[in-house]
Amino acid sequence: GAVVSQHPSWVICKSGTSVKIECRSLDFQATTMFWYRQFPKQSLMLMATSNEGSKATYEQGVEKDKFLINHASLTLSTLTVTSAHPEDSSFYICSARRSGVQETQYFGPGTRLLVL
Amino acid sequence: GEDVEQSLFLSVREGDSSVINCTYTDSSSTYLYWYKQEPGAGLQLLTYIFSNMDMKQDQRLTVLLNKKDKHLSLRIADTQTGDSAIYFCAERKTSYDKVIFGPGTSLSVIP
């Protein structure tokens, strides 16, 4: 199989704090991981593409200084929401593409963030 | 534009077939996907089709691709209550290394 995990599954934090979300590929190596944001009853919006060992590529309109992405190994990418505000509350989902296999992405279960 | 379009809602009776339709934008897209999302969960890849194929069948799922009209459909045979979920159509554009998702179709199965 191809399993992707996310941690934590949900988090509540105070406004102004930073939150780190981890995305791990458990049984395969992932050269590329993707971070998405999903608002209630809406589709997924790609935030950034994370490549192992290099800087992430951010989509237009996504603040790179606010959403810090680190892809330090072939099985782990992290998304840090810095100085979180209530409008950052959302469902964050990561996906991972198996190294050498371009046609599919495997999604994590998502992390629900609530900023008070 | 970049929009992948889907109808937002579909309701079927248990045991009937469901057909979820999607139109995509890029005729050169290489891969087209169907994902399923249950409430509060991530996305589960159901199936995908390569753009040089017309049809792909996998158990109860049949994907039809009309490349000329840029139309993709997912047929679920013998729909069960456990099939109730949101189904996302997505295309992988060749010009960018990213996958564009449609808005999702909420499938409700009536017992």
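Just so it is clear, the model here is predicted, and its values are computed rather than measured. Each chain gets a letter, A, B and so on, in the order the sequences are listed, and its residues count up from 1.
The CG atom of B:Leu43 sits 14.0 Å away from atom OH of A:Tyr106, with the distance rounded to the nearest 0.5 Å.
Of the atoms belonging to A:Glu59, it is side-chain heavy atoms, and not backbone ones, that fall under 4.5 Å from chain B. Only the side chain of B:Leu45 comes within contact range of chain A, with heavy atoms under 4.5 Å apart. Only the side chain of B:Gln37 comes within less than 4.5 Å of a heavy atom of chain A; its backbone N, CA, C and O stay farther away. Interface residue B:Tyr35: only side-chain heavy atoms are found under 4.5 Å from chain A.
In the hydrophobic cluster analysis, where Ile, Leu, Val, Met, Phe, Trp and Tyr join through side-chain heavy atoms closer than 4.5 angstrom, A:Phe107 is grouped together with B:Tyr33. Residues B:Val99 and A:Met45 are members of separate hydrophobic clusters, defined by side-chain heavy-atom contacts under 4.5 angstrom among Ile, Leu, Val, Met, Phe, Trp and Tyr.
Heavy-atom neighbours of A:Lys55 NZ from other residues, nucleotides or ligands within 6.0 Å: at or below the threshold of 12. Around atom NE2 of A:His85, more than 12 heavy atoms belonging to other residues, nucleotides or ligands sit under 6.0 Å away. Atom CZ of B:Phe50 has more than 12 neighbouring heavy atoms from other residues, nucleotides or ligands inside a 6.0 Å radius. Atom CD of A:Glu87 has more than 12 heavy atoms from other residues, nucleotides or ligands within 6.0 Å.
A donor-acceptor contact shorter than 3.5 Å is absent between the side chain of A:Ser43 and the backbone of B:Gly104.
Of all heavy-atom pairs spanning A:Leu44 and B:Phe88, the tightest one is CD1-CZ, 4.2 Å.
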